[in-house]
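Down below is the structure, laid out as structure tokens.
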Amino acid sequence: MFIYSKTYSVLMFFCLVAFGVKGQQSSDLPAENRPDSGKPVVMGTGSSPAPATATPARWRRNTVKVSANLFWPGLTYGYAINKRVTIQATYTSSSVVYFTDFELFSILKTWGGTSTAYTPEIRYYPFNSTVGPIGFYTGLYARYRHDKATGNYDAEAEMHSFGGGVVFGYQWIKKRGFTIDLFGGAGTMYDKTWQNEFAYKSSPIINNGFRPSGMGGCSLGYSF
């Protein structure tokens, strides 16, 4: 009986010590990780956790823009080949018709018509960006333009223009993709004009050939 009582006392002592150490360790844990918190205890892996890293910004390769010029509206799609070179194509259409021969309009007072143009471009951005093709750029453009008009006295006139030049500008791309493009350029165009006999009788002289040309404006869009 003495041996049993002594052995029982020793076991009770070690149990109390063990529960005391466990209780002390539990109290050292955060409240959400304590056994009595109702949540699973997060066990250590023996190594320190990896430092949190910021998610890298998505590089926006595609761009869709609309010209802010109300008299010469256009739609543009651009694609970045790499972080410095982009290509884009613009389609523009307007009811504002322009001919190199202003005398034709001065004689035939009433005119109506359409004007459309197709402008491919290649642009170079000298500065790298983590967002997309932004900053100052320079490049080359080509253009085909078709103007067609009708006037009184059954007069009709039509002009085809081909040309190109250099372009430069500055483009912003905001964090959410909103894009602003300010651009300008200069070049040359070759005009070939046709008119029917009624227009020819009013203005037999038409100026065909090369002429200086320019481009410029502001486009707004979204990059993704």
Side-chain angles (χ1 to χ4, degrees), residues 52-101 113-148 158-193 207-224:
T53 57
T55 303
R58 178 164 56 94
W59 206 79
R60 301 176 184 272
R61 187 178 296 273
N62 302 275
T63 302
V64 177
K65 295 175 287 189
V66 177
S67 173
N69 189 342
L70 298 179
F71 298 101
W72 191 243
L75 179 64
T76 299
Y77 171 74
Y79 178 79
I81 300 176
N82 54 47
K83 292 191 174 183
R84 292 182 182 269
V85 180
T86 67
I87 56 175
Q88 72 174 36
T90 302
Y91 168 77
T92 52
S93 179
S94 175
S95 59
V96 178
V97 180
Y98 166 74
F99 280 82
T100 55
D101 186 4
T114 59
S115 180
T116 57
Y118 304 89
T119 308
E121 294 180 46
I122 182 169
R123 295 178 173 183
Y124 175 75
Y125 292 79
F127 306 107
N128 282 328
S129 168
T130 58
V131 179
I134 64 173
F136 172 79
Y137 64 83
T138 184
L140 300 173
Y141 75 90
R143 174 172 288 178
Y144 165 71
R145 180 169 172 171
H146 177 221
D147 295 84
K148 186 175 182 180
E158 192 171 355
M159 182 175 71
H160 297 271
S161 302
F162 308 86
V166 296
V167 61
F168 53 89
Y170 198 97
Q171 180 166 276
W172 294 266
I173 299 179
K174 302 301 181 181
K175 290 183 179 180
R176 295 185 180 274
F178 178 69
T179 304
I180 305 174
D181 182 16
L182 296 177
F183 60 92
T188 184
M189 298 286 286
Y190 178 83
D191 298 329
K192 179 62 177 179
T193 307
N207 297 322
N208 288 320
F210 289 96
R211 61 176 173 86
S213 176
M215 61 182 297
C218 175
S219 294
L220 307 177
Y222 178 75
S223 298
F224 56 96

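Keep in mind that the numbers below use all heavy atoms, side chains included, and drop hydrogens, waters and symmetry copies. The residues of the chain are indexed from 1 along the displayed sequence.
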Could you measure the distance from the [atom1] atom of [X] to the [atom2] atom of [Y]? Nearest 0.5 Å is fine.
X: Y137; Y: L182; atom1: OH; atom2: CG; answer: 7.5 Å
X: M159; Y: D191; atom1: CE; atom2: CG; answer: 4.5 Å
X: Y118; Y: T92; atom1: OH; atom2: OG1; answer: 9.0 Å
X: S223; Y: R176; atom1: OG; atom2: CZ; answer: 15.0 Å
X: Y125; Y: R84; atom1: OH; atom2: CZ; answer: 13.0 Å
X: T114; Y: D147; atom1: OG1; atom2: CG; answer: 8.0 Å

Side-chain donor-acceptor contact under 3.5 Å, Y144 with H160: yes

Between S161 and R143: side-chain donor-acceptor atoms closer than 3.5 Å: no

Backbone of [Y] reached by a side-chain donor or acceptor of [X] within 3.5 Å:
X: R123; Y: T86; value: no
X: T188; Y: R211; value: yes
X: Q88; Y: T76; value: no

Are any non-hydrogen side-chain atoms of [X] and [Y] less than 4.5 angstrom apart?
X: F178; Y: W172; value: no
X: T116; Y: Y91; value: yes
X: H146; Y: E158; value: yes
X: V66; Y: L75; value: yes
X: F162; Y: K192; value: no
X: F183; Y: E121; value: no
X: T179; Y: Q171; value: yes
X: Y77; Y: N62; value: yes

Residue list, side-chain contact (heavy atoms from CB on, under 4.5 Å) with V85, at least two apart or on another chain: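 Expected list: I81, N82, I122, Y124.
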
Non-hydrogen atoms of M189 and G164 that approach each other most closely: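 Smallest interatomic distance, heavy atoms only, reads SD-N, 4.2 Å.
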
Heavy-atom closest contact (R145 atom, S115 atom, distance):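 Between these two residues, the closest heavy atoms are NE-OG, 3.2 Å.
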
V64 vs F224, side chain to side chain contact (heavy atoms under 4.5 Å, CB included): CA-CA, chis, key distance, verdict: CA-CA 9 Å; V64 177; F224 56 96; 4.0 Å; yes

